[in-house]
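Below is one structure, written out as structure tokens; comments come after it.
The residues of the chain are indexed from 1 along the displayed sequence.
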Amino acid sequence: MARRTKEDAEKTRQQILDAAAAAFDAEGVAACALEHVARLAGVTRGAIYWHFKNKSDLLDAMLERVRLPQEQVMEDLAAGRITDRRPLDLFHESSRDALSMIVNDERRRLVFRIIFTRIDQAHEQSPLHERQQADRVHFMTLIRQIMARAAEAGDLAPGWTPETAMRVAHAMFHGAVSDMLVLDESRLAGELALYLDAADTLMHTLGSRYDPRLNDGQGCLLRPALPVDEG
């Protein structure tokens, strides 16, 4: 009986997360009332507060559910925990994989569309605005650290600094995701192929030697999580 109750609670939690994604996408995070999320999920408002402290907590859980495995790879790269691959090559591979995973997974596509393309105007303290600002700083910091490691290894192409390489790479991948997430589904496959080609051109210009024709699907998603040094 207890197991059944736990399963039911988890099912309700997932229903709420699915409903929140649809409601936030349609209305914006700040404008969406949790009562609307509850109606879409077929639960009471109290059920939402049983699982989530507030709207910000709900948004965080919704985003955590679609967290990309490539993010962990990038964090390990930035921290120097991966030593068996050139930083620029693995960043190139993981970025390509991330683009493909976002576009080809419907649930991820919906949630990433919220974080990449929705704007809560006049709501600077909204959970969405705060998350967007935090994610921007987080990923720019990770990419800068990866580019610095590439430069230290002598792999960054001449004329580039970690800062300029980070800015161009971040703009490329952020722009590609933002653009594809507003397209009709029928156009996604074709546009993804074009953006992957553009990403390859950029990364090779920066100094990457990764060749997706030879290595596609190797290593990045199969890499086990590495222990984090808490000292």
Side-chain angles (χ1 to χ4, degrees), residues 21 25 62-78 82 85-119 128 131-132 134-147 149-150 155-157 160 162 164-223 225:
D25 183 51
M62 189 180 72
L63 292 168
E64 184 60 30
R65 187 170 65 157
V66 298
R67 189 176 191 263
L68 296 168
Q70 294 86 357
E71 184 177 344
Q72 183 63 55
V73 172
M74 292 186 186
E75 290 173 353
D76 289 335
L77 267 177
I82 296 176
R85 290 284 303 275
R86 298 173 73 243
L88 211 55
D89 291 0
L90 188 52
F91 174 74
H92 182 176
E93 181 184 4
S94 60
S95 297
R96 287 183 107 260
D97 288 347
L99 284 177
S100 297
M101 186 171 285
I102 292 169
V103 169
N104 292 321
D105 185 305
E106 185 176 358
R107 175 179 283 172
R108 281 192 168 96
R109 200 162 64 238
L110 173 61
V111 175
F112 275 84
R113 185 164 68 230
I114 296 169
I115 201 72
F116 273 82
T117 70
R118 296 297 182 256
I119 300 175
L128 178 60
R131 182 59 186 252
Q132 288 168 330
D135 281 356
R136 178 180 184 274
V137 172
H138 175 63
F139 285 105
M140 290 179 81
T141 299
L142 287 182
I143 298 171
R144 185 185 292 108
Q145 291 171 338
I146 292 169
M147 294 303 175
R149 293 191 179 279
D155 294 332
L156 201 59
W160 292 95
T164 57
M166 176 277 290
R167 295 277 173 178
V168 172
H170 181 268
M172 167 69 203
F173 290 108
H174 190 282
V177 173
S178 299
D179 184 48
M180 286 189 287
L181 289 176
V182 299
L183 296 176
D184 293 335
E185 189 169 353
S186 61
R187 297 181 56 192
L188 285 174
E191 289 294 319
L192 174 60
L194 293 172
Y195 270 121
L196 290 177
D197 284 346
D200 291 339
T201 299
L202 170 63
M203 293 307 303
H204 290 147
T205 299
L206 292 177
S208 170
R209 300 173 194 166
Y210 172 70
D211 187 346
R213 296 170 300 177
L214 302 177
N215 305 107
D216 196 27
Q218 300 296 316
C220 180
L221 297 183
L222 302 179
R223 181 177 293 276

Report the residues that fulfil side-chain hydrogen bond (donor to acceptor under 3.5 Å, both in side chains) with [X], sequence neighbours left out, ordered by chain and then residue number.
| X | value |
| --- | --- |
| R65 | Q14, D18 |
| R86 | D89, D155 |
| Q132 | none |
| T164 | T161 |

What residues, two or more places apart in sequence or in another chain, satisfy ring-ring contact (aromatic ring centres under 6.0 Å, His included) together with H170?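 Result, ring-ring contact (aromatic ring centres under 6.0 Å, His included) vs H170: H174.
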
Not counting sequence neighbours, which residues clear salt bridge (charged side-chain N to carboxylate O under 4.0 Å, His left out) with [X]? List them please.
| X | value |
| --- | --- |
| R136 | none |
| R149 | none |
| D135 | R131 |
| D197 | none |

What ring-ring contact (aromatic ring centres under 6.0 Å, His included) pairs are there with at least one residue in residues 185-207, not counting sequence neighbours?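 Residue pairs with at least one partner in residues 185-207: H92-H204.
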
Any pair with a residue in residues 180-192 that passes salt bridge (Lys or Arg N to Asp or Glu O under 4.0 Å), sequence neighbours left out, goes on the list, sorted by first then second residue, please. R109-E185, R187-E191

Kindly write out the residues that satisfy side chain to side chain contact (heavy atoms under 4.5 Å, CB included) with L202, not counting sequence neighbours, or none if the list is empty.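 Residues passing side chain to side chain contact (heavy atoms under 4.5 Å, CB included) with L202: V168, M172, L206.
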
What's the separation between atom CZ in R96 and atom CD in E93, rounded to the nearest 0.5 Å?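 Taking CZ in R96 and CD in E93, the distance rounds to 9.0 Å.
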
